[in-house]
Amino acid sequence: MKTDCRVCGGKVREFVDLGRQPTANGFLTPEEAEREFFFRLAVGVCERCAMVQLIEEVPQELRYHGAYRYHASGSAGHRQHFEQNALRFLETELTGPDPFVVEIGCNDGVMLSAIAEAGVRHLGVEPSTNVAELARAKGVNVLTRFFDEGTAADVRAEHGSADVVFGANTICHISHIDSVLRGVDELLSPGGVFVFEEPYLGTIVERTAFDQIYDEHVFYFSVTSVRAMAERFGFELVNAERIPLHGGEIRYTLARAGARVPAPAVGALLADENARRLSEPETLERFRRTVEGVKDELLTVLREVRAEGRSVVGYGAPGKATTVTNYFGIGTDLVPFVVDSTPSKQGLLVPGSHLPVRAPHAFSDPYPDYALLFAWNHAEEIMAKEQEFQDAGGRWILYAPEVRVI
Ligand code: JHZ
Ligand code: SAH
Ligand code: ZN
């Protein structure tokens, strides 16, 4: 069992245990389901640096490989967001004579394709070969490797230093985060920035977004813990911006210590975290109890509507659905199947709970009475798309931040 902090070596105190869980994006065939991998999904907080992190971890090769199912370009909202990110980098950071940007975990090229289109030097470091191929098909340069200090040294030797190192929903996935920070130190130009956008502990606690907890999310960052981590490795946290993706994230900007003046947002968010006692044991314990309440309520609603003979379909098969269905014990008796727009998930089973994943057309064939919205962070996009379901009398069941039937 892991009890030492991956950042500072301090003691990690466990505060929530979501039970035996498989790897969240390990969608599988019925044959594979017989020898599925499980681990104990539990989270703790470091008593020294406040970094919230998994107690046990899944080896990275079991999570990222040639059949990684998450395709970042699947949502119109995400495509738009990352294109805007690219434009912002092009306007503000990549303005020198021959700029170079490295993205850690570029996935299917959702961000770098816009950089490639602008003709700017770039490299995606992406170990999952299937999604790396999708990026290459969009004209993106990709190195299929896990990022760490060794990779950083090789990239620097071949391409020179980078003006921007970027990562989205990836940096919190890497358990050897010390090696990542040493690697960024090696790779970044003196005036460069390391920018990463990751789920925010503050939102997870505030919105009871416990389904953001799964094997891939090794760390649950806060401004407090990221600032401490930055300082440990010779960096300074110079900006922290709240962004709406995945229900609420923060975009952190790290520069070399003393190189840039920190934005006022850093101090403001730190003060807010202190005032909320975000990383304190009693806050995290309250979060755990709230999750238990959501579990009881959601199971009650699902059992009631099923007892009335109503049909329920799951909408979306995000990684989050693995946590919810396995922790709550939601099987095909309550939710016979889910629909998801990602081709590579269709025809497979949700890890652990084994709910079948079907293509979106199964949703209207015929419409169910209720749809349990697993992809709740895309609620606006999905509800607009599925207006006909609502017009036909269909109702949505939501469970974050609380159970609601609308
Ligand atoms: P979505 C993944 O999280 C995993 P997930 C990972 N660990 C991470 O950190 C973030 O991404 C970046 C489907 N869908 O975005 C597509 C529809 O069916 O919440 C997706 O399978 N219809 C890397 O998995 C899922 O829902 C639609 O109209 O929690 C959403 O997954 C839309 C918009 C989506 O990420
Ligand atoms: N940036 C995209 C994709 C996030 S999915 C987005 O925000 O939507 C996370 C990606 O990180 C996966 O494609 C995975 O293969 C990659 N990844 C995981 N560990 C990594 C590592 N050590 N180095 C580089 N990429 C990694
Ligand atoms: Zn620590």
Side-chain angles (χ1 to χ4, degrees), residues 4-12 24-25 27 45-53 60-61 63-65 68-79 81-82 85 102-112 124-132 134-135 143-148 151 166-177 179-180 183 196-199 211-212 214-218 225 228-229 232 245-247 249 314-323 338-342 344-346 357 359-360 363 373-386:
D4 293 341
C5 173
R6 294 169 178 87
V7 177
C8 79
K11 188 170 178 302
V12 177
N25 272 306
F27 292 84
V45 58
C46 173
E47 290 179 349
R48 193 191 293 165
C49 76
M51 183 61 83
V52 171
Q53 54 199 286
Q60 59 181 359
E61 292 77 11
R63 294 183 271 142
Y64 310 111
H65 38 59
Y68 184 61
R69 306 289 174 194
Y70 183 70
H71 297 182
S73 296
S75 134
H78 286 186
R79 287 196 298 275
H81 171 83
F82 288 111
N85 267 7
V102 171
E103 182 174 0
I104 304 175
C106 70
N107 197 266
D108 61 6
V110 67
M111 199 288 282
L112 283 183
V125 179
E126 175 50 69
S128 297
T129 49
N130 61 326
V131 290
L134 297 174
L143 175 65
T144 38
R145 223 169 123 173
F146 286 97
F147 186 88
D148 58 17
T151 306
F166 178 67
N169 304 291
T170 298
I171 305 308
C172 75
H173 294 48
I174 310 180
S175 58
H176 51 270
I177 197 149
S179 178
V180 168
F196 50 98
E197 308 178 348
E198 315 284 326
D211 52 357
Q212 285 286 19
Y214 49 84
D215 64 318
E216 290 196 62
H217 295 163
V218 178
S225 62
M229 177 171 78
R232 227 184 149 75
L245 245 71
H246 294 285
E249 301 201 313
Y315 204 107
K320 298 183 284 288
T322 298
T323 294
V338 304
V339 292
D340 192 283
S341 58
T342 316
S344 72
K345 293 180 184 176
Q346 295 160 9
V357 184
F363 188 56
L373 187 57
F374 288 119
W376 53 262
N377 48 314
H378 300 283
E380 218 176 299
E381 183 176 337
I382 290 173
M383 287 180 184
K385 190 186 317 189
E386 301 294 355

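Both ligands and their constituent atoms are indexed starting at 1 by order of listing. Just so you know, these numbers use all the heavy atoms, side chains as well, and skip hydrogens, waters and symmetry mates. Here the structure is a predicted model, which is why all the values come from computation and not from measurement.
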S.K.: Is there a side-chain contact between R232 and C8 in this structure, where contact means two heavy atoms from C-beta onward sitting under 4.5 Å apart?
M.R.: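 With C-beta onward as the side chain, the pair touches.
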
S.K.: Just by modelled atom types, is the M111 backbone N or O under 3.5 Å from a matching donor or acceptor in the E103 side chain?
M.R.: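 No: the side chain of E103 does not pair with the backbone of M111.
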
S.K.: May I ask you to identify the nearest protein heavy atom to atom 27 (C) of ligand 1, giving residue, atom name and distance to one decimal place in Å?
M.R.: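 In this structure, atom 27 (C) of ligand 1 has K385 NZ, 3.4 Å as its nearest protein heavy atom.
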
S.K.: What's the shortest distance from atom 23 (C) of ligand 1 to any protein heavy atom, and which residue and atom give it?
M.R.: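 Nearest protein contact, heavy atoms only, for atom 23 (C) of ligand 1 is Y68 OH, 3.0 Å.
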
S.K.: Do the non-hydrogen side-chain atoms of K345 and N25 ever get within less than 4.5 Å of each other?
M.R.: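 Side-chain contact under 4.5 Å: yes.
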
S.K.: What do we get for K320 next to ligand 1 when only non-hydrogen atoms under 4.0 Å count, side chain, backbone, both or neither?
M.R.: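 For K320, backbone and side-chain atoms both sit under 4.0 Å from ligand 1.
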
S.K.: Please state which option from F374, Y70, F363 has its nearest heavy atom closest to atom 2 (C) of ligand 1.
M.R.: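 Result: the heavy atom closest to atom 2 (C) of ligand 1 is in Y70.
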
S.K.: Examine distances only and state if a side-chain atom of E47 and a backbone atom of V12 form a donor-acceptor pair shorter than 3.5 Å.
M.R.: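 Not a single qualifying donor-acceptor pair exists.
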
S.K.: Which residue owns the protein heavy atom closest to atom 17 (C) of ligand 1, what's the atom, and how far is it?
M.R.: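 For this ligand atom, the closest protein heavy atom is S341 OG, 3.1 Å.
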
S.K.: Considering only heavy atoms from C-beta outward, does the side chain of N377 approach that of K320 to under 4.5 Å?
M.R.: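 In contact.
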
S.K.: Within a radius of less than 6.0 Å around CD of E380, do more than 12 heavy atoms belonging to other residues, nucleotides or ligands occur?
M.R.: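 No, CD of E380 has 12 or fewer neighbouring heavy atoms, counting only those of other groups under 6.0 Å.
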
S.K.: Is there side-chain contact between T322 and Y214, with at least one heavy-atom pair below 4.5 Å?
M.R.: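 Contact flag for T322/Y214 side chains = no.
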
S.K.: Please write down residue, atom name and distance for the protein heavy atom closest to atom 25 (C) of ligand 1.
M.R.: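 Going atom by atom, the protein heavy atom closest to atom 25 (C) of ligand 1 ends up being D340 OD2, 3.6 Å.
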
S.K.: Side chains of R145 and P127: does their closest heavy-atom pair fall under 4.5 Å?
M.R.: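 Side-chain contact under 4.5 Å: no.
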
S.K.: Around the Zn ion (ligand 3), how many protein N, O or S atoms are closer than 2.8 Å?
M.R.: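 The number of such protein atoms is 4.
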
S.K.: I need the N169 CG to N107 CG distance, nearest 0.5 Å.
M.R.: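 Here the rounded value is 9.5 Å.
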
S.K.: Please list, in number order, the atoms of ligand 1 under 4.0 Å from a heavy atom of A375.
M.R.: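 Near A375, the atoms of ligand 1 are 26 (O).
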
S.K.: Could you go through ligand 2 and list every pair where one of its N or O atoms sits under 3.5 Å from a protein N or O, giving the atom names and the distance to one decimal?
M.R.:
residue: ligand 2; atom: 1 (N); partner: G105; partner atom: O; Å: 3.2
residue: ligand 2; atom: 1 (N); partner: A168; partner atom: O; Å: 3.0
residue: ligand 2; atom: 7 (O); partner: A168; partner atom: O; Å: 3.2
residue: ligand 2; atom: 7 (O); partner: N169; partner atom: ND2; Å: 2.8
residue: ligand 2; atom: 11 (O); partner: T170; partner atom: OG1; Å: 3.3
residue: ligand 2; atom: 13 (O); partner: N107; partner atom: ND2; Å: 3.0
residue: ligand 2; atom: 13 (O); partner: E126; partner atom: OE1; Å: 2.8
residue: ligand 2; atom: 13 (O); partner: E126; partner atom: OE2; Å: 3.2
residue: ligand 2; atom: 15 (O); partner: E126; partner atom: OE2; Å: 2.5
residue: ligand 2; atom: 15 (O); partner: S128; partner atom: OG; Å: 2.8
residue: ligand 2; atom: 22 (N); partner: F147; partner atom: N; Å: 3.4
residue: ligand 2; atom: 23 (N); partner: F147; partner atom: N; Å: 2.8
residue: ligand 2; atom: 25 (N); partner: G105; partner atom: N; Å: 3.4

S.K.: N/O of H78 under 3.5 Å from N/O of ligand 1, yes or no?
M.R.: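 Checking ligand 1 against H78, no N or O pair falls under 3.5 Å apart.
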
S.K.: Quick one: does H71 get a heavy atom under 4.0 Å from ligand 1?
M.R.: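 In this structure, H71 fails to qualify as a contact of ligand 1 - no heavy atom is under 4.0 Å.
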
S.K.: Quick one: closest heavy-atom pair of T170 and G105, and the distance?
M.R.: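 Taking T170 first and G105 second, the nearest heavy atoms are OG1-O, 3.7 Å.
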
S.K.: Using 0.5 Å steps for rounding, measure from the OG atom of S341 to the NE2 atom of H378.
M.R.: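 These two atoms lie 8.5 Å from each other.
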
S.K.: State, with a plain yes or no, whether a side-chain heavy atom of I104 is found less than 4.5 Å away from one of I174.
M.R.: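 In short, these two side chains touch, coming nearer than 4.5 Å.
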
S.K.: With a cutoff of 4.0 Å, is Q212 in contact with ligand 1, counting heavy atoms of the residue only?
M.R.: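 The answer is no: ligand 1 sits nowhere under 4.0 Å from a heavy atom of Q212.
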
S.K.: Can you tell me which residue and heavy atom of the protein come closest to atom 7 (N) of ligand 1, and the distance to 0.1 Å?
M.R.: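 Of the protein heavy atoms, H173 NE2, 2.8 Å lies nearest.
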
S.K.: Are the side chains of V131 and H71 in contact, using a 4.5 Å heavy-atom criterion?
M.R.: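 They are in contact (side-chain heavy atoms under 4.5 Å apart), so the answer is yes.
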
S.K.: Can you list the ligand 1 atoms lying under 4.0 Å from a non-hydrogen atom of K345?
M.R.: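 Contacts of ligand 1 toward K345, numbered from 1: 20 (C), 21 (O).
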
S.K.: If the cut-off is 4.0 Å to any non-hydrogen atom of T342, which atoms of ligand 1 fall inside it?
M.R.: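 Those atoms are 16 (C), 20 (C), 21 (O).
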
S.K.: Any atom of ligand 1 sitting under 4.0 Å from a heavy atom of H217?
M.R.: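 So H217 counts as touching ligand 1.
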
S.K.: Among all protein heavy atoms in this structure, tell me which lies nearest to atom 4 (C) of ligand 1, with the distance rounded to 0.1 Å.
M.R.: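 Ranked first by proximity to atom 4 (C) of ligand 1 is Y214 OH, 3.3 Å.
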
S.K.: So is there a nitrogen or oxygen of N377 less than 3.5 Å from a nitrogen or oxygen in ligand 1?
M.R.: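 Yes.
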
S.K.: I'd like to check whether P318 has a polar contact with ligand 1, where a contact means an N/O of the residue lying under 3.5 Å from an N/O of the ligand.
M.R.: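 In this structure, P318 places no N or O atom under 3.5 Å from an N or O of ligand 1.
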
S.K.: For E198, is the nearest heavy atom under 4.0 Å from an atom of ligand 1?
M.R.: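 No; E198 lies far enough from ligand 1 that no heavy-atom distance drops under 4.0 Å.
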
S.K.: N/O to N/O below 3.5 Å, does that happen between Y315 and ligand 1?
M.R.: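 N/O-N/O distance below 3.5 Å does not exist for this pair.
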
S.K.: Could you check if a side-chain atom of F147 sits within less than 4.5 angstrom of a side-chain atom of V180, using non-hydrogen atoms only?
M.R.: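 With C-beta onward as the side chain, the pair touches.
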
S.K.: CH2 of W376 to CD1 of I382: how many Å apart, nearest 0.5 Å?
M.R.: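 Rounded to the nearest 0.5 Å, the CH2-CD1 separation comes to 12.0 Å.
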
S.K.: Can you pull out the closest protein heavy atom to atom 1 (P) of ligand 1? Residue, atom name and distance to 0.1 Å, please.
M.R.: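 Checked against all protein heavy atoms, atom 1 (P) of ligand 1 sits closest to H378 NE2, 3.5 Å.
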
S.K.: Are Y315 and E386 close enough that a side-chain donor and a side-chain acceptor fall under 3.5 Å?
M.R.: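 There is such a pair (donor and acceptor under 3.5 Å, judged by atom type) between the side chains of Y315 and E386.
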
S.K.: Suppose we measure from atom 10 (C) of ligand 1 to each protein heavy atom; which comes out shortest, and what is that distance?
M.R.: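 Ranked first by proximity to atom 10 (C) of ligand 1 is H246 CE1, 3.5 Å.
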
S.K.: Rounded at 0.5 Å granularity, tell me how far CG in L134 sits from SG in C106.
M.R.: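 Between atom CG of L134 and atom SG of C106 there are 10.0 Å.
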
S.K.: Could I get the full list of ring pair (Phe, Tyr, Trp, His ring centres under 6.0 Å) partners for H173, not counting sequence neighbours?
M.R.: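 Once residues adjacent in sequence are excluded, the partners of H173 under the ring pair (Phe, Tyr, Trp, His ring centres under 6.0 Å) criterion are H217.
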
S.K.: Side chain, backbone, both or neither: which applies to N25 and ligand 1 if a contact is any heavy-atom pair less than 4.0 Å apart?
M.R.: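 It is the side chain that touches ligand 1; the backbone stays farther off.
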
S.K.: Does R79 have any salt bridge (charged side-chain N to carboxylate O under 4.0 Å, His left out) partners at least two apart in sequence or in another chain, and if so, which?
M.R.: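 R79 satisfies salt bridge (charged side-chain N to carboxylate O under 4.0 Å, His left out) with no residue once adjacent residues are dropped.
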
S.K.: Go through ligand 1 atom by atom and flag the ones less than 4.0 Å from a non-hydrogen atom of G319.
M.R.: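 Reading through ligand 1 atom by atom, the close ones are 5 (P), 24 (O), 29 (O).
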
S.K.: Below 4.0 angstrom from a heavy atom of E216, which ligand 1 atoms are there? Numbered from 1 as shown, please.
M.R.: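 Every atom of ligand 1 under 4.0 Å from some heavy atom of E216: 7 (N), 23 (C).
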
S.K.: Please report the closest heavy-atom contact between A72 and Y70, naming both atoms and the distance.
M.R.: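 Closest approach of A72 to Y70: CA-CE2, 3.6 Å.
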
S.K.: Is it the case that E126 and Y68 place a side-chain donor and acceptor less than 3.5 Å from each other?
M.R.: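 No.
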
